[in-house]
Amino acid sequence: MTTPQLTLYNTLTRTKAPFTPLDPSNVRMYVCGPTVYDFAHIGNARPVIVFDVLFRLLRHTYGAEQVTYVRNITDVDDKINARALRDFPNLPLNEAIRRVTERTEDQFLSDVAALGTLDPTIQPRATDNIAEMQTLISDLLAKEHAYNAAGEVLFDVKSMPDYGQLSGRNLEDNLAGARIAVEAHKKNPADFVLWKQSADNEPGWDSPWGRGRPGWHIECSAMSERYLGQTFDIHGGGLDLIFPHHENEIAQSRCAHGTHAMATVWMHNGFLQVEGQKMSKSLGNFVTINDLLQTGAMGGHAWSGDVLRLAMLMTHYREPIDFSVKRLDEAEGKLRDWQRAARDAEPSDTEAPDEAVITALSDDLNFHRASVAIDALAKLAGREGGEAFKARLAATLTFLGFGLDTLLTSDDGWVEPPHIAAAIAQRLEALNAKNFAEADRLRDELAEQGIALMDYKDPETGERRTKWESKR
RNA sequence: GGCCACGUGGCGGAGUGGUGACGCAGCGGAUUGCAAAUCCGCGUACUCCGGUUCAAUUCCGGACGUGGCCUCCA
């Protein structure tokens, strides 16, 4: 079977087009990662999950060793400084910052691992790439795309004739907005900082322009160049990064290198609301990945990471999502159906994921269409003689980053709490004595604990058996 | 104010210039001590107004609505 042609929507051209890697033996993707100052929220999880699916698809299409995926860790930022001062007021600043960034980075990595994501090939930190950033800034100054003013190095947007291509805005539009505070030392209000000076109580690095720290966009230009080259295939992130972040990355990289493109395809995931409202701390509906994994912040109980993953993928990545308990319930039900259907699949290293799933994903990551194919597969797997379908279903779920038994309970040697086994045995005794009232009482008692019983006949002996699952 | 997305049945969500995808929920049936699970069956939706067309939910224009960006933000 031939591999379907991958097509992707490109923000740069606002169209969907066939994807052709610059070098099929090394397909290169860069995704903007977290700024490590606080728990990642559920909105942060979306690009992580979406681009993980793309990473998996690229590995499937071009070969696992032929894909390089870089996701950075931003560990220099004024929000980090503020957090360090707040949380560790008695430590020296550098030590306090290190505590904040290490703790937050560890939390992020364990959160996203729970979401079923593969590790990116490389996860560079901004602070390990300061020298590279300085080289870029020097190049920009040498080519007169940047200037030094009031102790800052600024990018001169007027020096780039086609600035604004990605976001579809021009400098006049930006001026029309007129809400940008015009700073006197800027030649143009849209000019942005490449390097700024640090006070003694701020983190800083020595540079030709004095002790200071990098601006907000330069790190991605530096790290993508270092690990992926001056021009690479795919650059991804959230919708909100189109402007100014990605626009300015493009400006820096292209002007420094004299290239006509930084990345061929620019992909942006849509935004997310929580229960129909914009997520914000003031509304009190700010939900972190960790809240969902560990607490009852949404729906009164914790959720499995792969349920969060499916809830996120149920909607096309470019569409807005209303993240809600109802959605999570639906995702959990669907994933449980899939896991049940794949139960007892023969383990196999050679079984390939379902072709219809690959085809659907190859059409600009149409995950929902893929899930329809999985539904069909699950139905076939559940039937008599569905062994081959089971194996393919299991391979498909694994390929997509879902667990095979995270939602299963009493079957497959799942650990059964003794009190449940005892109650089930008692109930079967009552049933054999035709004492239905007592049997129903026991069943209700378990139901109150969230344990749902299901009776069925043993296929061999015709005897009544009872299985259970936790039900919320 | 400028720029950019998007508006499909109770909900989620594909897709298409011409016989209502699919899932969840719901309803009916089989099965069951009763349930659950499972299986079978059931749904005349495409924001509004114009235009193009033999034919539009699908193409074009406008209106309205929602969301995003223009300031750190996934």
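Counted by atom type alone, A:R125 and A:T74 present zero donor-acceptor pairs between their side chains at under 3.5 Å.
A donor and an acceptor atom sit less than 3.5 Å apart, one in the side chain of A:D455 and one in the base of B:rC34. For A:R443 and B:rA35, a side-chain-to-base donor-acceptor distance below 3.5 Å is present, hydrogens and geometry of angles not being considered. Between the side chain of A:E319 and the base of B:rG13, no donor-acceptor pair under 3.5 Å is found. At a cut-off of 3.5 angstrom, counting only N and O atoms as typed in the model, there is no donor on one side facing an acceptor on the other between the side-chain of A:R327 and the base of B:rG13.
Ranking B:rC22, B:rG33, B:rA74 by closeness to the A:V372 side chain, first place goes to B:rC22.
Judged by ring centres under 5.5 Å apart and planes tilted less than 30 degrees, A:F271 stacks against the six-membered base ring of B:rA74.
The side-chain tip of A:R309 points at the ring of A:F402 from less than 6.0 angstrom away and within 45° of straight on. A cation-pi contact, defined as under 6.0 Å to the ring centre and within 45° of the axis, links A:R318 to A:Y9.
Between B:rG1 and B:rG10, the two P atoms lie 33 Å apart (nearest whole Å).
With A:N366 contributing its side chain and A:L361 its backbone, the two residues share no donor-acceptor pair below 3.5 Å.
Phosphate proximity of B:rG33 to A:N435: absent, as no side-chain N or O sits under 4.0 Å from OP1 or OP2.
The residue among A:Q273 and A:R318 whose nearest nucleotide of RNA chain B is located toward the 5' end is A:R318. Mapping A:K278 and A:A45 onto RNA chain B by nearest heavy atom places A:K278 at the nucleotide closer to the 5' end.
Across all strands shown, B:rC69 forms a Watson-Crick or G-U wobble pair with B:rG2, both key distances being under 3.5 Å.
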